[in-house]
**Student:** 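This structure is in structure tokens; I'll ask about it shortly.
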Amino acid sequence: MAQVSDLGIDLGTSNVLIYMKGKGIVLRQPAVVAIERQSKHVMAVGDDAYRMIGRTPGNVLAVRPLRQGASSDFELTNTMLRYFVSHVIGKRFFARPRVVMSVPTGVNDAEKHNLIRIMFDAGAKRTQLLERPIAAAMGIGIPFQEAYGCMIVDISAGVTDIAVLSRGEIVAASCVSFAGDYFDDAISRYLRKKHNLLIGERTAEEIKINIGCAVPQPNDVTMEVTGRNLLSGLPKAQGVTTSEIYEALKDPVADLIDAIQAVIERTPPQLASDIFEDGIVLTGGGAALTGLAEAVYTALRIPCGVADDPQTSVVMGCGKALDNLSDVKHLLSDGRRGRFR
């Protein structure tokens with residue numbers, strides 16, 4: 001019975017997704033913890049904490065304890081994961097689950113070890129780590145274990161993992177900060193500069209989701225945004241258009257495309273030829289940005305597509321690893337090895 005509780009976890013900077021063996025995805029919540037500023041007492045986790053962002057009194061702080069795929073606050077990450085794990089398996093800690101957890105390619109050995117310690121404290125019997133590009137490839141069914149080159153660009157909130165895979169290994173890779181938070185910051189800076197409008201991180205994310213785009217759009221849609229006027233200090237409502245947000249995101253998107261090109265330039269010629277033929281696959285929540293695949297194709301002249309459900313690609317890959325542990329054990333790490341083999 002204990003095996004039923006085995007978990008696959010996509011521990012993202014902005015969201016945590018959990019796959020339970022035999023049940024599929026059982027949790028999808030924001031990676032946010034609300035604490036009392038002075039005492040550090042935890043007041044809310046996940047959805048409840050996310051609703052507090054930008055709306056809390058001065059003594060309450062809503063924070064994301066993960067930064068760029070690694071724990072920036074050990075205790076808060078521990079509290080958050082204990083909450084999520086107990087939420088999906090109940091109080092049955094006598095049946096400690098095995099866990100397969102995704103990690104960015106840029107996470108170092110000390111950070112991997114910390115994540116494994118945190119998961120042990122959260123109730124896991126054993127935690128094995130799976131690099132995000134490999135998890136994404138498994139999740140969308142790319143045959144990356146063949147002698148053929150394929151390219152995954154996994155765009156999360158904190159980092160983008162860019163990787164060329166072949167024979168079950170990462171041949172060339174880069175982990176860059178040009179990701180969802182980077183795009184949100186660009187929108188905030190643009191509105192501050194053009195309209196003297198100060199907005200919160202939730203508002204920036206909502207703008208990106210609703211009218212954000214990586215290529216010019218045929219119809220200019222307007223979204224009303226509320227923030228604070230930096231000149232008067234008073235609340236202000238401002239209409240923002242799709243074309244404005246395209247201008248805000250143009251340079252960040254170019255930064256991401258340059259990072260993709262840099263990985264291709266380090267790829268062995270035969271594998272690069274495979275990628276030029278079969279294209280690039282975008283996964284992760286950031287892949288949902290309107291026109292991003294088109295922007296990549298326009299710049300690099302390489303076919304580019306978005307996974308059917310990009311936000312769940314990684315956690316589904318962790319789930320598939322759970323279902324076939326004996327077949328994929330060479331792809332997993334226990335945090336004690338520098339490279340996955």
**Student:** Does atom CZ of Arg266 have more than 12 heavy-atom neighbours from other groups under 6.0 Å away?
**Tutor:**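 Yes.
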**Student:** Given Asp6, which of Arg98, Lys21, Arg96 fulfils the side chain to side chain donor-acceptor pair (under 3.5 Å) condition?
**Tutor:**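 Single pass found, and it is Arg98.
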**Student:** Take Tyr190 and Asp185 through the test side chain to side chain donor-acceptor pair (under 3.5 Å) and record every step on the way to the result.
**Tutor:** CA-CA 9 Å; Tyr190 181 89; Asp185 290 344; over 6 Å; no
**Student:** Answer yes if Phe120 and Val99 sit in the same cluster of Ile, Leu, Val, Met, Phe, Trp and Tyr residues linked by side chain heavy atoms under 4.5 Å apart, and no otherwise.
**Tutor:**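 No, Phe120 and Val99 fall in different hydrophobic clusters.
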**Student:** Within the distance-only criterion (no hydrogens, no angle test), does the side chain of Thr79 pair as donor or acceptor with the backbone N or O of Glu75 below 3.5 angstrom?
**Tutor:** yes
**Student:** Applying the 4.5 Å side-chain criterion to the ILVMFWY set and letting contacts propagate, would Tyr297 and Phe178 be lumped into a single cluster?
**Tutor:**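 In one cluster: no.
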**Student:** Would you check if Val26 and Phe84 make a side-chain contact, meaning some heavy-atom pair closer than 4.5 Å?
**Tutor:** no
**Student:** Donor-acceptor check, side chain of Asn196 to backbone of Asn229, threshold 3.5 angstrom: yes or no?
**Tutor:**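 Between the backbone of Asn229 and the side chain of Asn196 there is no qualifying donor-acceptor contact (under 3.5 Å).
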**Student:** Can you check whether Arg202's main-chain N or O pairs, donor with acceptor, with Glu205's side chain at less than 3.5 Å?
**Tutor:**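 Side chain of Glu205 to backbone of Arg202: no pair is present.
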**Student:** So does Asp308 have more than 12 non-hydrogen atoms from other groups sitting under 6.0 Å from CG?
**Tutor:**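 12 or below, so no.
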**Student:** Within a strict 4.5 Å, meaning less than it, do heavy atoms of the Thr222 and Thr242 side chains meet?
**Tutor:**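 No; the side chains remain at least 4.5 Å from each other.
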**Student:** Do Gln29 and Val16 come within less than 4.5 Å of each other through their side chains, counting heavy atoms only?
**Tutor:** no
**Student:** Which atom pair, heavy atoms only, marks the closest approach of Gly8 to Val315?
**Tutor:** O-CG2, 3.7 Å
**Student:** For the residue pair Ile245 and Gly212, what are the closest heavy atoms and their distance?
**Tutor:**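 For Ile245 versus Gly212, the nearest heavy atoms are CG2-CA, 3.7 Å.
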**Student:** Is there a side-chain contact between Val159 and Val176 in this structure, where contact means two heavy atoms from C-beta onward sitting under 4.5 Å apart?
**Tutor:**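 Contact flag for Val159/Val176 side chains = no.
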**Student:** Among Ile25, Leu27, Leu322, Ile89, find the residue that satisfies the side chain to side chain contact (heavy atoms under 4.5 Å, CB included) test when tested with Met20.
**Tutor:**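 One option only clears the test, and that one is Ile89.
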**Student:** How many angstroms lie between atom CE of Met151 and atom CG of Asp278, to the nearest 0.5 angstrom?
**Tutor:**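 The distance works out to 13.5 Å.
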**Student:** Does the distance from a Lys or Arg side-chain N to an Asp or Glu carboxylate O, for Glu247 and Lys250, drop under 4.0 Å?
**Tutor:** yes
**Student:** With rounding to the nearest 0.5 Å, note down the distance linking CD1 in Ile118 to CG in Leu66.
**Tutor:** 7.5 Å
**Student:** Say you draw a straight line from CG of Leu325 to NZ of Lys320; how long is it, rounded to the nearest 0.5 Å?
**Tutor:** 14.5 Å
**Student:** Walk me through it: do Glu206 and Thr203 pass the test side chain to side chain donor-acceptor pair (under 3.5 Å)?
**Tutor:** CA-CA 5 Å; Glu206 288 167 2; Thr203 302; 4.8 Å; no
**Student:** Between Lys194 and Glu244, does the salt bridge (Lys or Arg N to Asp or Glu O under 4.0 Å) criterion hold? Intermediate values first, please.
**Tutor:** CA-CA 10 Å; Lys194 182 169 183 181; Glu244 287 181 302; 2.9 Å; yes
**Student:** For the residue pair Asp154 and Thr160, establish whether any side-chain heavy-atom pair is separated by less than 4.5 Å.
**Tutor:** no
**Student:** Would you check if Leu129 and Ile116 make a side-chain contact, meaning some heavy-atom pair closer than 4.5 Å?
**Tutor:** yes
**Student:** Do Asp121 and Asn78 get their side chains close enough for a donor-acceptor pair, meaning under 3.5 Å?
**Tutor:**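 Present: a donor and an acceptor within the cut-off.
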**Student:** In sequence, state the C-alpha distance, the side-chain angles, and the governing distance for Ile280 and Ile275, and then conclude on side chain to side chain contact (heavy atoms under 4.5 Å, CB included).
**Tutor:** CA-CA 7 Å; Ile280 300 165; Ile275 294 165; 4.1 Å; yes
**Student:** Enter the distance from Ile134:CD1 to Phe144:CZ here, rounded to the nearest 0.5 Å.
**Tutor:**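 Between atom CD1 of Ile134 and atom CZ of Phe144 there are 5.5 Å.
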**Student:** Taking side chain to side chain contact (heavy atoms under 4.5 Å, CB included) as the criterion, tell me which of Asn219, Val215, Asp220 meets it with Gln217.
**Tutor:**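 Option passing the side chain to side chain contact (heavy atoms under 4.5 Å, CB included) with Gln217: Val215.
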**Student:** Can you find a pair of side-chain heavy atoms, one from Val33 and one from Thr77, that are under 4.5 Å apart?
**Tutor:**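 Counting from C-beta outward, Val33 and Thr77 never come under 4.5 Å.
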**Student:** Supply the atom-to-atom distance Glu294 CD to Cys213 SG, rounded to the nearest 0.5 angstrom.
**Tutor:**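 So the CD of Glu294 and the SG of Cys213 are separated by 10.0 Å.
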**Student:** Compare every heavy atom of Thr105 with every heavy atom of Cys175, then report the nearest pair and how far apart it is.
**Tutor:** CB-OG1, 3.5 Å
**Student:** Taking Ser39's backbone N and O only, do any of them form a donor-acceptor pair with Glu36's side chain (distance below 3.5 Å, no angle check)?
**Tutor:** yes
**Student:** Is Met138 reachable from Ile142 through a run of hydrophobic residues whose side-chain heavy atoms are each under 4.5 Å from the next?
**Tutor:**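 Yes.
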**Student:** With no hydrogens and no angle check, is any side-chain donor or acceptor of Asn324 less than 3.5 Å from a backbone partner on Asp327?
**Tutor:**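 A pair under 3.5 Å: no.
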**Student:** Dump the intermediate steps for side chain to side chain contact (heavy atoms under 4.5 Å, CB included) on Asp184 and Lys208, then the final yes or no.
**Tutor:** CA-CA 7 Å; Asp184 295 347; Lys208 178 185 67 181; 3.0 Å; yes
**Student:** Please determine, by modelled atom types, if Asp255 and Tyr182 share a side-chain donor-acceptor pair under 3.5 angstrom.
**Tutor:**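 Their side chains do contain a donor-acceptor pair, which is all the 3.5 Å distance test asks for.
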**Student:** Under 3.5 Å, is there a donor-acceptor pair linking the side chains of Thr312 and Asp309?
**Tutor:** yes
**Student:** Yes or no on side chain to side chain contact (heavy atoms under 4.5 Å, CB included) for Val103 and Arg132, after CA distance, side-chain angles and deciding distance?
**Tutor:** CA-CA 5 Å; Val103 290; Arg132 289 186 67 89; 5.6 Å; no
**Student:** Please report the shortest heavy-atom distance between Met101 and Cys318, naming the atom on each side.
**Tutor:** C-SG, 4.2 Å
**Student:** Quick one: pull up CZ in Arg126 and CG in Leu332 and give me the separation to the nearest 0.5 Å.
**Tutor:**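 Going from CZ on Arg126 over to CG on Leu332, the span is 8.0 Å.
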**Student:** In terms of side-chain geometry, is the basic nitrogen of Arg28 or Asp47 positioned less than 4.0 Å from the acidic oxygen of its partner?
**Tutor:** no
**Student:** Treat each ILVMFWY residue as a node, draw an edge where side-chain heavy atoms are under 4.5 Å apart, and state whether Tyr246 and Ile209 are in one component.
**Tutor:**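 Cluster IDs for Tyr246 and Ile209 differ.
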**Student:** Which heavy atom of Thr267 sits nearest to which heavy atom of Ala272, and what is that distance?
**Tutor:** CG2-N, 3.7 Å
**Student:** Hey, any chance Leu300 and Val253 share a hydrophobic cluster, counting ILVMFWY side chains that come within less than 4.5 Å of each other, even indirectly?
**Tutor:** yes
**Student:** Are Ile302 and Val296 close enough, and set up right, to give a side chain to side chain contact (heavy atoms under 4.5 Å, CB included), and what steps lead you there?
**Tutor:** CA-CA 7 Å; Ile302 300 173; Val296 173; 5.8 Å; no
**Student:** Does a side-chain heavy-atom distance below 4.5 Å link Ile187 with Leu249?
**Tutor:**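 Side chain of Ile187 against side chain of Leu249, heavy atoms only: contact under 4.5 Å found.
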**Student:** What heavy-atom pair brings Asp10 and Gln311 nearest, and what distance separates the two atoms?
**Tutor:**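 Closest approach of Asp10 to Gln311, heavy atoms only: OD2-O, 4.2 Å.
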